[in-house]
Amino acid sequence: MENAIQESRVEMNTRNSFKRFKNWKFITAGILIVIALICAAMSFYQTTHFNPKVKINGIEVGGLTAERALEKLETTVLSNVVYVGEQQIIDGKDTQLGFAENDLPEVKKLLKSQWTFFPKFGTKEYSLTPSKQDSYRSVSLKEELEQKLVSMNQNLKAPTDAQVKLEQGEIVVTKGISGEQYDIEGLLKNYQSQKFSSEIHLKPALLQPLTEESTTILNEKKKLEALLQHTVEYKVQHKVHSLKGSDFIKNASVTKDMNVTIDPSDLKNKIAEINKSQSTLGKNFTFKTHSGSDISVKGEGYGWALDVEKETALVQAAFEIGEKSISASNIHGNGWSNEGYGYETTTNNGIGDTYAEVSIAEQRIWIYKNGQLVLTTNVVTGKHSTGEDTSKGVWYILFKRTPYTLKGSAVGKADYSVEVDYWAPFTNSGQGFHDAGWRTNWNSNAYLTQGSGGCVNVSPSVMKAVYDNLNVYDPVVVY
């Protein structure tokens, strides 16, 4: 009996378990169907709506379809109020972003690109260029902003850059000092990055001074250090003067394009010193006469000097550009056009070995070529009794003409005009060598009362030889 009852209970439990299994199977299938429907709905939603925290050009479009997003973009108004920090500096006119119906394909592309099966809640920013952009913001408002910043800066303290200078021979570096002026270029870049925000908030950015540790300042310092060590070999005639920067440059600075600017005061003093020691203009020449006597004769038409101003500029430029050697090139004197003669001549105390010698006392001339006497003859010089003496000094042959018409005047005589076969002047006032066929008195004392109007009269019989042995620019020593 008990066995029968137990068997009945087992059978009943088996039937109940089977029944429960069938019920669970139906429940699971239902759950899966529901999940599938939810996923399908979610997938559809995700493909047709932007994720929650998506922005296009700064405009919230999260949860919107492409069409609704475009509608929001089309209707968004930009206030175009510009702030620098907390300060409002421009209240611009309202504009729209410029989106239109034909921008829908681009919005849909963004929608597709941001698709994820499950919604993403991270912020996502997209930038989209409208098809109908208004130039007000990119042109007019930008220009107004720049003008406003320039105007504001005029009333603000500018920063002071660190500077490197050579002062009294010492390199001095001053510190940079901060200012209050805005960095207009930086602010404009910030402005351009905010193309689509309604209000434009610019982070205050000030102009920064160059500091003493900046690459620019360090390079300028190196430039001045090199300047002090630089040496220019300055050649004047046959002498070379070594000019070291530290000796003659006491004050200098470096420009923004890394060029050196020098105060030339000390250089000018050195050039003037060199000029004084070597030039011959207006100085006395030591001259050895045909008889071997040493005399002193002042340079008149003949002689040279450095143009100190121009030569200083030449040497200054050499230092500034790093040139190592230069030769003097700005020479002046008492020539017709203020040109100087004798610069290339260093022998015979600056007169050289080719010259004409005129002795008033002996009434005679000697012509030397390369140190050799080639001609000597008696002459008649300027009339002494009337003060028309031939001018003493060191001159040079200005030019040569054959034939020539002499025109001028003499003491007690009217203006004259006379033909000569040969003419070689040596003073700017018109004295020179010429033949005098009209002269009958060739005595050694004729010049005292019957001399010329200042010229050196030469006998026609030897004048051609004299003329042929004189060269333009040859020195003429009259004593």
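One is the number of the first residue; the rest follow in order along the sequence. Keep in mind the model is a prediction, meaning the values are calculated, not measured.
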- Item | Donor on one side chain, acceptor on other, Glu344 and His238, under 3.5 Å | no

- Task: Give a yes or no answer on whether the side chain of Ser296 reaches the backbone of Asn284 with a donor-acceptor pair at less than 3.5 Å.
- Result: no

- Task: Could you check Asp94 against Asn80 for side chain to side chain contact (heavy atoms under 4.5 Å, CB included), going step by step and ending with a plain yes or no?
- Result: CA-CA 6 Å; Asp94 291 349; Asn80 294 315; 5.8 Å; no

- Message: Using the rule given for ring-ring contact (aromatic ring centres under 6.0 Å, His included), can you reason through His434 versus Tyr422, listing the C-alpha separation, both sets of side-chain angles and the distance that settles it, and then say yes or no?
- Response: CA-CA 5 Å; His434 65 79; Tyr422 302 98; over 10 Å; no

- Task: Could you grab the distance from atom CG of Leu470 to atom CD1 of Ile365, nearest 0.5 Å is fine?
- Result: 7.0 Å

- Could you tell me whether the side chains of Ser242 and Thr231 share a donor-acceptor contact shorter than 3.5 Å? no

- Backbone N or O of Asn469 within a donor-acceptor pair of the Lys369 side chain at under 3.5 Å? yes

- Note on the structure: Tested for side-chain contact (heavy atoms from CB on, under 4.5 Å) against Pro209, the lone hit among Asp161, Ile177, Thr160 is Asp161

- Message: Does Lys283 have more than 12 heavy atoms from other residues, nucleotides or ligands lying within 6.0 Å of its NZ?
- Response: yes

- Item | Short side-chain donor-acceptor distance under 3.5 Å, Asp134 and Thr95 | no

- Under 3.5 Å, side chain of Lys72 to main-chain N/O of Glu60, donor-acceptor pair present? yes

- Message: Between Asp103 and Ala100 (side chain of the first, backbone of the second, donor and acceptor by atom type, cut-off under 3.5 Å), is there such a pair?
- Response: yes

- Message: Looking only at side-chain N and O atoms, does Glu357 offer a donor or acceptor that is under 3.5 Å from a partner on Tyr479?
- Response: yes

- Side-chain heavy-atom pair Gln278, Trp304 within 4.5 angstrom cut-off: yes

- Task: Check whether any side-chain heavy atom of Ile295 sits under 4.5 Å from a side-chain heavy atom of Val297, and report yes or no.
- Result: yes

- Just by distance, with hydrogens left out, do Gln194 and Asn190 show a side-chain donor and acceptor under 3.5 Å apart? yes

- Task: Fit a plane to each ring of Tyr341 and Tyr473, take the angle between them on a 0 to 90° scale, and name the class: parallel (under 30°), tilted (30 to 60°) or perpendicular (over 60°).
- Result: parallel

- Is any side-chain heavy atom of Gln431 less than 4.5 Å from a side-chain heavy atom of Ser391? yes

- Student check: side-chain heavy atoms of Leu97 and Ile59 closer than 4.5 Å: yes

- Query: Just checking, is any N or O donor in the side chain of Asp474 or Thr354 under 3.5 Å from an acceptor N or O on the other one?
  - Reply: no

- Message: Please tell me whether Gln46 and Asn51 have a donor and an acceptor in their side chains that are separated by less than 3.5 angstrom.
- Response: yes

- What's the verdict on salt bridge (charged side-chain N to carboxylate O under 4.0 Å, His left out) for Glu225 and Lys222, showing C-alpha distance, side-chain angles and the deciding distance? CA-CA 5 Å; Glu225 289 171 345; Lys222 289 179 182 178; over 6 Å; no

- Task: Output yes when Glu220 and Lys223 qualify as a salt bridge under the 4.0 Å nitrogen-oxygen rule, no when they do not.
- Result: no

- Query: More than 12 heavy atoms of other residues, nucleotides or ligands under 6.0 Å from NZ of Lys298: is that the case?
  - Reply: no

- Query: Got a salt bridge between Glu309 and Lys268, using NZ or NE/NH1/NH2 to carboxylate O under 4.0 Å?
  - Reply: yes

- Heavy-atom neighbours of Glu125 CD exceed 12 at 6.0 Å: yes

- Query: Do Phe399 and Trp336 have ring centres separated by under 6.0 Å?
  - Reply: yes

Listed pairs under 3.5 Å, donor-acceptor, residues 139-150 side chains, sequence neighbours left out:
none

- Message: Quick test of your reading of the model: are Lys157 and Glu180 salt-bridged, counting only N-O distances below 4.0 Å?
- Response: no

- Query: When you look at Tyr302 and Tyr396, which way does the ring-ring contact (aromatic ring centres under 6.0 Å, His included) test go after all the steps?
  - Reply: CA-CA 6 Å; Tyr302 184 82; Tyr396 69 96; 7.1 Å; no

- Item | Test side chain to side chain contact (heavy atoms under 4.5 Å, CB included) applied to Lys165 and Glu170, step by step | CA-CA 8 Å; Lys165 289 185 178 180; Glu170 297 292 332; over 6 Å; no

- More than 12 non-hydrogen atoms from neighbouring residues, nucleotides or ligands closer than 6.0 Å to CD on Glu185, yes or no? no

- Message: So Asn334 and Glu339, do their side chains get closer than 4.5 Å, heavy atoms only?
- Response: no

- Task: Report yes if some heavy atom in the side chain of Leu104 is under 4.5 Å from a heavy atom in the side chain of Glu67; otherwise report no.
- Result: yes

- Item | Intermediate values then yes/no, side chain to side chain contact (heavy atoms under 4.5 Å, CB included), Trp423 and Cys455 | CA-CA 10 Å; Trp423 170 236; Cys455 288; 3.9 Å; yes

- Rounded distance (nearest 0.5 Å) linking atom CG of Asn219 with atom CG of Leu224: 11.5 Å

- Query: Is there a side-chain contact between Asp263 and Lys250, using heavy atoms and a 4.5 Å cut-off?
  - Reply: no

- Task: Determine, for Lys109 against Glu106, whether the closest basic-nitrogen to carboxylate-oxygen distance falls under 4.0 angstrom.
- Result: yes

- Task: Taking atom types as modelled, find out whether Glu320 and Gln316 have a side-chain donor-acceptor pair closer than 3.5 angstrom.
- Result: yes

- Note on the structure: To the nearest 0.5 Å, atom CG of Asn348 lies from atom OH of Tyr368 at 10.5 Å

- Message: Before you tell me yes or no, could you show the steps for Tyr126 and Gln114 under side-chain hydrogen bond (donor to acceptor under 3.5 Å, both in side chains), namely the whole-Å CA-CA distance, both residues' side-chain angles and the distance that decides it to 0.1 Å?
- Response: CA-CA 10 Å; Tyr126 290 104; Gln114 62 92 63; 5.5 Å; no

- Item | Pairing of Asp294 and Lys288 as salt bridge, 4.0 angstrom limit | yes

- Item | Under 3.5 Å: donor-acceptor pair, side chain of Thr427, backbone of Gly430 | yes

- Message: Has Tyr136 got a side-chain atom pairing as donor or acceptor with Gly92's backbone, closer than 3.5 angstrom?
- Response: no

- Task: Please say whether more than 12 non-hydrogen atoms of neighbouring residues, nucleotides or ligands are located less than 6.0 Å from NZ in Lys53.
- Result: no

- Message: Taking the side chain as everything from C-beta on, heavy atoms only, tell me whether Ile90 gets closer than 4.5 Å to Val81.
- Response: no

- Query: Going through the checks in order, is the side chain to side chain contact (heavy atoms under 4.5 Å, CB included) test met by Lys407 and Tyr416?
  - Reply: CA-CA 6 Å; Lys407 295 180 180 181; Tyr416 64 83; 5.9 Å; no

- Task: Quick one: pull up CG in Asn269 and OG1 in Thr312 and give me the separation to the nearest 0.5 Å.
- Result: 8.5 Å

- Between Thr216 and Ser214, a side-chain donor and acceptor under 3.5 Å: no

- Query: What distance separates His201 NE2 from Tyr191 OH, expressed to the nearest 0.5 Å?
  - Reply: 13.5 Å

- Taking atom OG1 of Thr76 and atom CD of Glu71, what is their separation to the nearest 0.5 Å? 10.0 Å

- Could you give me the CA-CA distance, side-chain angles and deciding distance for Thr405 and Ser417, then say whether side-chain hydrogen bond (donor to acceptor under 3.5 Å, both in side chains) is met? CA-CA 6 Å; Thr405 300; Ser417 176; 5.3 Å; no

